[in-house]
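For reference, the structure discussed in these notes is given below.
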Amino acid sequence: MAIKVLVAKPGLDGHDRGAKVVARALRDAGFEVIYTGIRLTPEQIAEAALQDDVQVVALSLLSGAHNTLFPKVVELLKAKGLNDVLVLGGGVIPDADIPGLKAAGIKEVFTPGTPTTAIVDCIKANVK
Amino acid sequence: MDIVEELLNHNKLALAKGITAVENEYDNAVEIMTKIYPRTGHAYVIGITGPPGAGKSTMTDKIAKEYSKRGFTVGIVAIDPTSPYSGGAILGDRIRMMDLTADEKIFVRSMATRGSLGGLSQKTGDAVKLMDAYGMDRIIVETVGVGQSEVDIVKTADTSMVVVIPGMGDDIQAIKAGILEIGDLFTINKADRDGTDKLNIEIEMMLELNPEYHGWRPPINRTIASKGIGIEAVVDSIEEHKKYLEESGKLAEIRKARTKSEVTAMLNDRVNRYIDEKVVNTKAFDEQIVKMQTREIEPYSVVDEIVAKVLK
Ligand code: B12
Ligand SMILES: Nc1nc2c(ncn2[C@@H]2O[C@H](COP(=O)(O)OP(=O)(O)OP(=O)(O)O)[C@@H](O)[C@H]2O)c(=O)[nH]1
Ligand SMILES: [Mg+2]
């Protein structure tokens with residue numbers, strides 16, 4: 001059964017190229033991608049994840065606000081009872097921030113230059 | 001989680017899980033549908049279709065907000081095509097509806113067509129029923145109107161609205177054949193563009209030439225969905241059509257016909273699966289096919305025999 005992935009950009013960051021590249025690559029790998037666009041609140045993202053019952057939430061940020069926004073999304077997903085959702089992050093994220101994000105529940109973080117096949121493999125390895 | 005109990009208790013997560021169960025044909029899907037069926041039949045279903053990019057999602061977003069303002073709860077099923085190459089899909093309708101996540105009275109579900117089109121209309125129908133049982137007053141189904149398959153999906157609706165836009169050139173010719181019959185309402189979106197008056201006249205003429213309409217003449221509304229202009233009139237037209245169907249007794253007729261076609265489709269599906277299992281996928285059947293190649297036997301008696309044996 002097709003794996004459902006929500007691709008979203010929390011916060012005010014308008015860099016959407018990476019998110020779109022990821023969305024297309026995931027579609028081409030056979031996933032059903034719900035692309036939700038830019039300038040979303042963590043609450044909007046978590047609620048959309050609930051209503052579409054996705055297995056994966058993929059967050060993209062290039063603005064530098066990842067340390068607050070990514071963990072906030074994880075927290076809201078949990079509050080809504082979505083405990084099994086795989087949360088991935090990507091974008092311009094300094095290496096030093098990655099351990100903290102992982103501790104906050106972001107399973108994996110992908111920085112510029114990542115081949116999209118690595119993202120596909122990660123999802124396949126972690127969903128069922 | 002007891003999906004049925006929780007869904008009837010207004011738990012959104014249960015509604016989401018219930019739709020996934022029917023969408024993925026999980027083992028518990030039939031049980032869920034069996035239990036919720038008695039609680040359905042209250043929602044009024046609106047189908048919205050039209051060419052790609054016409055503004056259907058933008059309009060759906062605005063219509064849902066208008067209904068919410070009027071005190072109604074709203075469910076939305078937004079369908080986008082599956083890529084025939086990868087089997088994946090980008091479901092982009094929700095991008096226009098992100099505000100709706102803040103409204104407790106509204107629930108949006110994205111669905112991919114996933115190839116099997118007969119199956120899709122059944123799954124759409126089941127998703128609609130789950131939202132109905134959950135307590136939605138109005139349910140909107142958005143599909144891209146390009147072919148027969150979408151026309152079938154729109155048949156799950158009580159009122160069907162066709163969205164068109166000016167500047168489509170000859171496209172209007174291409175879509176009019178299939179789409180004319182299903183439109184209870186026509187909406188010219190992007191009325192901020194040139195060609196709106198011309199398109200309006202063209203639709204008027206099409207309607208004029210169609211003898212199908214007695215009692216209800218499809219109204220033609222104009223909207224600029226991106227600015228929310230003209231939406232109230234569209235909602236008024238939907239409600240007028242609903243009233244017309246109710247008062248003329250046509251709603252009961254439509255729903256009876258729909259139940260019949262739904263049950264017929266379920267029966268066909270079941271019989272097909274049964275025949276696949278008992279006949280088509282057997283070695284004996286293969287051997288018969290081989291014998292037909294050398295004309296040792298002919299298919300007509302074989303079919304008679306099989307039907308007599310398997311479907312008695
Ligand atoms: C192109 C670009 C722009 C374009 C954006 C076009 C668009 N619609 O996307 C424009 C010119 C508009 C722009 C504007 C700005 N930009 Co700019 N921009 C870039 C640039 C050069 C490339 C980004 C890009 O598109 N890369 C290509 C895509 C495919 O790669 P990607 O996004 O990194 O995605 C890959 C991975 O990161 C990963 N990935 C990304 N997201 C996700 C999500 C998931 C879930 C997963 C699994 C993987 C994943 O997979 C992708 C494929 O490998 C970067 C510098 C850089 N080298 O990154 C700066 C950069 C991001 N921009 C920057 C800035 C500051 C701005 C502006 C604020 C500039 C200004 N002062 O006006 C504005 C703000 C725009 C806004 N509204 O938010 C800074 C951000 C600094 C920071 N983080 O602290 C950067 C890093 C440049 C810099 N070194 O200073 N920008
Ligand atoms: N000028 C103008 N643009 C509009 C109007 N309504 C919607 N749009 C824009 O048209 C584009 C497509 O809108 P959608 O609502 O996604 O259209 P859609 O019919 O749902 O598209 P698909 O689902 O992809 O077929 C968006 O950029 C909207 O902002 C309008 O009334 N006028
Ligand atoms: Mg749409």
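Proteins get letters first, then strands, A, B, ... in listed order; numbering begins at 1 in each.
Both the backbone and the side chain of A:Leu50 come within contact range of chain B, with heavy atoms under 4.5 Å apart. Using a 4.5 Å cut-off between heavy atoms, B:Ile106 contacts chain A through its backbone alone, with no side-chain atom that close. Within the 4.5 angstrom heavy-atom criterion, atoms from both the backbone and the side chain of A:Tyr35 approach chain B. Of the two parts of B:Ser110, the backbone and the side chain both hold a non-hydrogen atom closer than 4.5 Å to a non-hydrogen atom of chain A. B:Asp80 does not touch chain A: none of its heavy atoms, backbone or side chain, sits under 4.5 Å away. Contact of A:Leu82 with chain B is made through the side chain alone, with heavy-atom distances under 4.5 Å. Looking at B:Phe107, both its backbone and its side chain come within 4.5 Å of chain A, counting heavy atoms on both sides. In this structure, the portion of A:Lys80 lying under 4.5 Å from any heavy atom of chain B is its backbone and not its side chain.
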*Please assess A:Leu69 against A:Leu61 for the test side chain to side chain contact (heavy atoms under 4.5 Å, CB included), listing each intermediate value before the final yes or no.*
CA-CA 9 Å; A:Leu69 292 171; A:Leu61 259 189; 3.9 Å; yes
*Might you work through the salt bridge (Lys or Arg N to Asp or Glu O under 4.0 Å) test for A:Glu75 and A:Lys78, ending with a clear yes or no?*
CA-CA 5 Å; A:Glu75 194 184 298; A:Lys78 295 235 162 78; over 6 Å; no
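Electrostatic pairing of A:Asp28 and A:Arg24 does not count as a salt bridge here, judged by no charged N lying under 4.0 Å from a carboxylate O. Here B:Glu23 pairs with B:Arg109 in a salt bridge; the nearest charged N to carboxylate O distance falls below 4.0 Å.
The side-chain contact (heavy atoms from CB on, under 4.5 Å) test with B:Leu100 singles out one residue from B:Val74, B:Thr60, B:Val108, and that residue is B:Val108.
A pairwise comparison of heavy atoms in B:Leu7 and B:Tyr134 identifies O-CD1, 3.6 Å as the closest pair.
A donor and an acceptor atom, one from each side chain of B:Asn28 and B:Tyr26, are nowhere located under 3.5 Å apart.
The residue among A:Glu47, A:Arg27, A:Gln51 with the most heavy atom pairs within less than 4.5 Å of chain B is A:Gln51.
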